[in-house]
Each structure stands twice: as structure tokens, then as C-alpha cells.
Amino acid sequence: SLLQSTLQCFFNQS
Amino acid sequence: ARLLHGSIFAKVIEGLRELVNEATWECSGNGITLQAMDSSHVALVSLVMRSEGFESYRCDRNMSLGISLVSMSKVLKTMGKDDSLTIRVNDDSDSIIIAMESQNQDKFADYELRLMDLDSEHLGIPDTDYSCAIKMPSSEFSRICRDMSIMGDSVLICTTKEGVKFSAKGDLGQGSIRLVQTTNIEKEEEAVIIEMKEAVALTFAVRYLSMFCKAAPLSPQVGLSLSEDTPLMCEFKIAEMGHVRFYLAPKIED
């Protein structure tokens, strides 16, 4: 099954 | 900041307010920018409105303005179709002034909206060399999102040299829409153009894509940029002045 990832998995906190 | 065609600003707000109810506007001499995530941190919007795109623009010192987009949308709905719009914040003020002027200057409306204290989380978005860049009519993209949502919650976007395929499946069954690249471009606005370095197949929540489509009235074309294991970027240009970019995290294997 597919899970919805969040953006923090890809982009850094700045 | 003054816009001769205030409707542009109204379209920007309409495009954002469902995804983010409130956001911090960063104002500087260069213009207005905004970055905000939806409450579940799955999608992000990044707005740029450059100063030179306004009829007149002045910002004496940088300001961060917390604004309820829902309230602003209500105010902007009172604006006439051809009204001009001026947005102003005075020094040390806790509100933003939204002034509308009818085209023949026989009606002037002023509203003040209270500013908000917002905690904003800022993400660094890396410059990405996407595997695929698709351009298509924004009305077509809106329609595809609507049609795919009949079949399921998720849409799989697959690109090949020939075109792009959107597909969804669910309890009812499954459906797909395939668009082929336009070979003979007569009207740029109606063209489907695919620039591909590598084929991609990525799954996204249709609900969010449909929310991005609220910004479709801003531009006749939408840009979709895709790479494997990377958030999708969905861009609507704001004529001559900037853009609204939406990012959406893909659904990934458990």
C-alpha cells in the first residue's frame, strides 16, 4: 500500500 | 501596492485560501512573497509577486504580515470586476487596508483587516532539475483532477515520450486519461508540451491537486514538474509579475 509522505521528508527546515 | 486590475489579486487569494487559511506575507522592496504549508504538512504554496508587476509599489522597511486568507477572500469578493485595488499597511499598524476603486472613479471602498500573529514554519526548497516538465491548459488539468476523483483518492501520473497518463482506481473500478503531446502548436495556450529526461511514475492525492486547481483562473497554462521520489511542483504564472507554485509530497511505498 502507499503512504502519504510529508514535505519535511524532502525539504529542510530553514 | 496598487494593481489596476484588482481581480488578479482576488484570483491569487482564491487560489490559496482553501489550502492555507492563513499565512504570513513577507513584504520587501522587491515585492511580496509568501510560503505556507497546509495543516497536514503534505502540500506547500510559494507565492511571488514582484514589485515591478504592480502599477505602483513602495515598501520602506521589510514587514511580515499575518493575514487570514479566508477573511481577505470575503473582502475581495465585494470588489467589482474592473476595480483597481490598493493594499496598504501603515507603520506600527495592526491592520491592513484594502482599498477598491471603480474604473470610472465613482465608487471607493475601504476595508481594514486585523493582522494576526502567526507561527510560520519555513522550508528550504532546493533547486531541482526535474525529470519531466509538462505544460498543459490549466482548464484541462482541473478537469482531469475532477474526473479522476470519481474513481479514487489517488492519481498515478506516468509520463512517456508520447504523452502523459493520469490514472485512478478505487472501489468502483478504474479510469485513466491520456494526453498526447501537441505536435502542431497553433495556440500556445491550448498546447500540451512534455519535456522529458526520464520517464516518471508518481502517485499523488487528488484532493490536493484539486485544491491547486483553484489557482487555475490565474493562468491559461499550468506547469507540472516531476521527478521520482520528489514532491510535484505545480506552477501557475501570474502574468508578468510572478507565480504561484504548489508542492505536493508523493505517496510512497509502505
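Naming convention: chains lettered A, B, ... in sequence-line order (proteins, then strands); numbering from 1 in each chain.
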Can you tell if the side chain of B:K251 reaches within under 4.5 Å of the side chain of A:L3, non-hydrogen atoms only? no

Between A:F10 and B:Y247, is the ring centroid distance below 6.0 Å? no

What part of B:S154 gets within 4.5 angstrom of chain A, counting heavy atoms only: side chain, backbone, both, or neither? neither

Between the side chains of A:Q8 and B:H41, is a donor N or O closer than 3.5 angstrom to an acceptor N or O? yes

Considering all heavy atoms of both residues, which atom of B:A249 and which atom of A:S5 are nearest to each other, and what is their separation? CB-O, 3.3 Å

What do you reckon, is CG of B:D91 surrounded by more than 12 foreign heavy atoms closer than 6.0 Å? yes

Determine the minimum heavy-atom distance between A:F11 and B:G124, stating which atoms define it. CB-O, 3.4 Å

Checking B:H122 against A:Q13 for the side-chain contact (heavy atoms from CB on, under 4.5 Å) test, could you report, in this order, the C-alpha distance in whole Å, the side-chain angles of both residues, the deciding distance, and whether it holds? CA-CA 6 Å; B:H122 210 267; A:Q13 213 90 20; over 6 Å; no

So for atom CD, which belongs to B:E121, do other residues, nucleotides or ligands contribute more than 12 heavy atoms lying within a distance under 6.0 Å? yes

Pick from B:S40, B:P126, B:P250, B:A43 with the largest number of heavy-atom pairs that fall under 4.5 Å of chain A: B:P250

Looking only at heavy atoms, what is the nearest atom pair of B:A205 and A:Q4, with distance? CB-OE1, 3.7 Å

In the structure I gave you, are the side-chain heavy atoms of B:V42 and A:L7 within less than 4.5 Å of one another anywhere? no

Quick one: pull up OG1 in A:T6 and CG in B:D38 and give me the separation to the nearest 0.5 Å. 10.0 Å

